[in-house]
Q: 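This is the structure I want to talk about, given as structure tokens.
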There are 2 protein chains.
Amino acid sequence: MKKAGVTLVDVAKLAGVSVMSASRTMSGEGYVSEETRAKVQAAAKQLGYAPNAAARLMKGGKTNVIGVVVNDLTSSVVNCFVTALSEEVRKVGMDLFIYNSLGDMGSGNGARISQMLHGLWDGLVYVLPRMTDDYLETLEKSSSPIVLINYFRHETTLPVVRGDNVNGAHDAVRHLVDLGHRRIGFVRGNAYTGQSDLRERGYMSALSDAGIELDPALVYQGDFSQQSGFDGARELLALDAPPTAIFAANDGMALGVLNAIREKNLRIPEDISVIGFDDIPTAAMTQPPLTTLRHPFGEMAQAAVQELTRRIQGQPGRRQRIEFPSEFIIRASTGPAPACSTSRRSRRQRA
Amino acid sequence: MKKAGVTLVDVAKLAGVSVMSASRTMSGEGYVSEETRAKVQAAAKQLGYAPNAAARLMKGGKTNVIGVVVNDLTSSVVNCFVTALSEEVRKVGMDLFIYNSLGDMGSGNGARISQMLHGLWDGLVYVLPRMTDDYLETLEKSSSPIVLINYFRHETTLPVVRGDNVNGAHDAVRHLVDLGHRRIGFVRGNAYTGQSDLRERGYMSALSDAGIELDPALVYQGDFSQQSGFDGARELLALDAPPTAIFAANDGMALGVLNAIREKNLRIPEDISVIGFDDIPTAAMTQPPLTTLRHPFGEMAQAAVQELTRRIQGQPGRRQRIEFPSEFIIRASTGPAPACSTSRRSRRQRA
DNA sequence: TTGAAAGCGCTAACAC
DNA sequence: GTGTTAGCGCTTTCAA
């Protein structure tokens with residue numbers, strides 16, 4: 001381990017050349033004779049030289065680094081976005097650094113981050129941000145290019161890449177209706193990000209399109225956690241007229257729903273159908289595999305990176321809002337409504 | 001949105017003071033009169049001034065930022081460490097930035113990262129690194145403080161914080177033996193990180209301590225994925241003398257094992273017991289909840305950060321190897337060996 | 001309490 | 001091809 005503080009001057013001195021030749025060798029720009037290059041490289045290696053990034057940046061150059069800020073890295077959705085972003089960013093020859101705000105999206109923290117960003121990043125992406133108004137204001141004033149992914153709460157001047165929630169949820173519930181379900185439960189997430197509300201809107205519109213009246217008893221307030229999905233399903237299944245299908249506002253809660261159903265020894269999907277949202281990796285591996293919806297992570301990440309690089313290069317942003325339809329993924333957790341469903345029962349009553 | 005490139009000179013000019021006063025105001029160090037301070041702050045706000053981090057760093061100051069490099073952010077274990085590190089780092093008043101190498105731990109990439117690190121981070125943590133020898137060499141030569149978490153492959157001069165794998169695995173298998181199991185399957189992970197081997201060593205030593213001969217047919221080569229756990233369990237259960245318990249080298253594979261068992265309509269743990277390793281969040285939410293082992297993420301993260309900050313402050317590292325015992329978490333996926341187990345059968349044969 | 005000057009490590013621009 | 005000069009934005013001297 002060499003001492004810190006080896007500078008280009010040291011390398012040049014040892015190699016017996018000028019600082020500029022050393023610089024050219026290290027950065028790979030401009031003409032250097034093979035001989036000089038070799039000498040410099042040898043010297044650099046011997047001294048354990050590492051270029052000082054800060055000094056390089058100071059020349060006003062791009063850092064080729066994009067930062068992404070998230071609230072909570074344990075969220076599968078966030079994870080999918082971050083991984084997709086890593087790949088996209090790499091494709092355009094840049095690097096991605098991730099900052100986990102651990103949920104602290106207060107304005108003080110916002111100021112901290114936007115300070116750190118200045119000069120160290122070429123641009124910033126916020127994934128699923130859940131920030132205070134102050135924070136948003138700080139960002140809007142920032143001089144660095146910024147793109148938000150899946151931000152829904154307020155109007156903003158910042159560019160936003162979004163997945164569609166309403167239509168996706170509508171499709172899902174419509175699918176259940178088409179399968180003959182009439183009593184369809186909904187498990188809400190918390191309101192932080194605004195996504196749960198949108199998904200609920202899709203749920204309601206699909207019901208109303210099908211002429212089914214909304215039964216408030218079938219809507220449970222969860223918090224996006226698996227546990228809350230479990231609790232919610234337990235409650236819904238205990239109703240006098242339990243649902244024959246449950247739509248959860250995210251996959252995490254849907255997993256809890258599956259567990260609760262299994263606990264009651266009901267079969268999926270014969271007795272009850274389940275749909276989630278997000279298509280987290282586990283969703284494909286449950287038993288039965290979960291029918292769900294997904295935002296197109298890859299495409300959204302690509303759009304965000306494109307929009308960001310455009311702005312980094314000083315070109316005008318192309319679009320202020322880029323919306324992607326969600327994909328409906330039908331797996332084995334949904335099936336025809338059971339024969340003993342409400343519709344059948346009502347028919348019997350008529351008879 | 002203000003134009004980029006607002007500098008301290010601009011602020012000072014607008015405020016009608018010297019650059020130094022502006023600097024002192026912004027950094028909060030040194031004496032500035034209330035009046036000057038107010039003027040400067042007003043000017044800064046009006047111009048949308050943000051200090052240029054790069055320039056600050058160049059003065060050789062600390063950045064108060066620690067970087068963590070991971071291979072794969074989708075791994076739950078990595079995720080747990082990263083989150084724990086975020087918290088620890090924040091506790092000591094620093095910030096954590098995460099870099100996802102996406103599995104590219106070749107030496108070229110290593111050089112890239114260690115270049116970026118230089119000057120931008122005060123120190124680096126590598127979590128579960130799976131790097132080439134070249135890469136490791138680059139790191140060892142680096143002048144920045146570095147700590148590795150859960151690195152097992154080679155000897156290194158870098159400080160390493162490790163979880164114990166051998167004894168943990170030994171405990172787990174010993175537990176099964178105590179419950180009467182004699183035929184215990186093992187599902188290996190791939191060898192990249194060296195952890196699977198260590199866990200297997202614990203498995204073998206526990207068997208041999210109990211006087212059980214190792215049956216190679218009971219060891220399946222997986223790759224840490226849920227799918228491979230599923231495949232492995234299928235194969236083991238199809239044996240003429242199937243195991244009454246399966247120990248998987250990680251929780252992901254254990255989840256696959258659970259699915260395969262369920263698919264065969266066997267009961268857990270009445271017919272067959274399952275143990276995983278890592279205690280990923282889902283492990284507590286399976287049905288039945290998974291018996292497993294965990295590295296103490298929080299304590300390990302704390303140790304890593306402590307060791308790193310010590311080195312950042314120029315103090316000598318306290319220890320080169322810090323090892324933590326793993327915790328054995330008994331949940332409901334393990335139980336007494338079934339009555340029709342091999343031991344019983346052999347007794348019958350004797351009779 | 002404030003300001004002027006010097007310089008951090010590097011590279012763009014211009015000579016040689 | 002190579003070297004010299006200047007300066008990025010900031011802070012650490014030191015002097016006023």
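Every chain is numbered from 1 and lettered A, B, ... according to where its sequence line falls, protein lines coming before strand lines.
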Q: Round to the nearest Å and state the distance from B:Lys13 atom NZ to D:dG9 atom P.
A: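 So the NZ-P distance, B:Lys13 to D:dG9, works out to 12 Å.
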
Q: Indicate whether OP1 or OP2 belonging to C:dA4 is found under 4.0 Å from a side-chain N or O atom of B:Ser18.
A: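 Result: no.
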
Q: Rounded to the nearest angstrom, tell me the gap between atom CZ in A:Arg24 and atom P in D:dG1.
A: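 Rounded to the whole Å, the gap is 11 Å.
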
Q: Separation of A:Asn52 atom CG from C:dT11 atom P, in whole Å?
A: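 Going from CG in A:Asn52 over to P in C:dT11 covers 10 Å.
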
Q: Starting the side chain at C-beta, find the nucleotide from C:dT11, D:dC10, C:dC10 nearest to A:Tyr49.
A: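 The answer is C:dC10, which lies nearest to the side chain.
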
Q: Rounded to whole angstroms, how far apart are CG on B:Leu8 and P on D:dG7?
A: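 Rounded to the whole Å, the gap is 19 Å.
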
Q: Round to the nearest Å and state the distance from A:Met26 atom CE to C:dC10 atom C1'.
A: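 The distance from CE of A:Met26 to C1' of C:dC10 comes to 12 Å, rounded to the nearest Å.
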
Q: Checking side-chain contact (heavy atoms from CB on, under 4.5 Å) against A:Tyr151, which of A:Leu158, A:Leu136, A:Leu128 comes through?
A: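 Among A:Leu158, A:Leu136, A:Leu128, the one meeting side-chain contact (heavy atoms from CB on, under 4.5 Å) with A:Tyr151 is A:Leu136.
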
Q: Given atom CE of B:Met20 and atom P of D:dA15, what is their separation to the nearest angstrom?
A: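 Spelled out: CE on B:Met20 to P on D:dA15 is 16 Å.
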
Q: Measuring from atom CG of A:Leu308 to atom CE of A:Met94, what distance do you get when rounded to the nearest 0.5 angstrom?
A: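 These two atoms lie 7.5 Å from each other.
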
Q: Is the centre of the B:Trp121 ring less than 6.0 Å from the centre of the A:Phe97 ring?
A: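 Between B:Trp121 and A:Phe97, the centre distance is under 6.0 Å.
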
Q: Is the gap between the ring centers of A:Phe81 and A:Phe297 under 6.0 Å?
A: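 Ring centroids of A:Phe81 and A:Phe297 are less than 6.0 Å from each other.
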
Q: Can you tell me how far apart CD (A:Gln320) and OG1 (A:Thr156) are? Round to the nearest 0.5 Å.
A: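 OG1 of A:Thr156 is found 7.5 Å from CD of A:Gln320.
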
Q: Kindly say if B:Tyr31 contacts the phosphate of C:dG3, meaning a side-chain N or O under 4.0 Å from OP1 or OP2.
A: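 No, outside the criterion.
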
Q: Can you see if the side chain of B:Thr7 gets near the phosphate of D:dC10 - specifically, an N or O under 4.0 Å from OP1 or OP2?
A: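 For D:dC10, OP1/OP2 do have a side-chain N/O of B:Thr7 under 4.0 Å.
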
Q: Output the rounded distance in Å from CD (A:Glu29) to P (D:dG1).
A: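 The distance from CD of A:Glu29 to P of D:dG1 comes to 16 Å, rounded to the nearest Å.
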
Q: With a 4.0 Å cutoff (strictly under), does any side-chain N or O of A:Ser23 reach OP1 or OP2 of C:dT11?
A: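 Result: yes.
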
Q: Indicate, yes or no, whether a donor-acceptor pair under 3.5 Å links the base of D:dG1 to the side chain of A:Arg37.
A: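 Between D:dG1 and A:Arg37, which were checked side chain against base, a qualifying N/O pair under 3.5 Å is absent.
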
Q: Can you see if the side chain of B:Ser33 gets near the phosphate of C:dT2 - specifically, an N or O under 4.0 Å from OP1 or OP2?
A: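 So the side-chain polar atoms of B:Ser33 do come within 4.0 Å of the phosphate oxygens OP1 or OP2 of C:dT2, strictly under.
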
Q: By nearest heavy atom, map B:Glu34 and B:Ala55 onto DNA chain C; which one lands nearer the 5' end?
A: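 The residue closer to the strand's 5' end, by nearest nucleotide, is B:Glu34.
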
Q: With a cut-off of less than 4.0 Å, is there a side-chain N or O of B:Thr36 near OP1 or OP2 of C:dT2?
A: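 Answer is yes, contact under 4.0 Å.
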
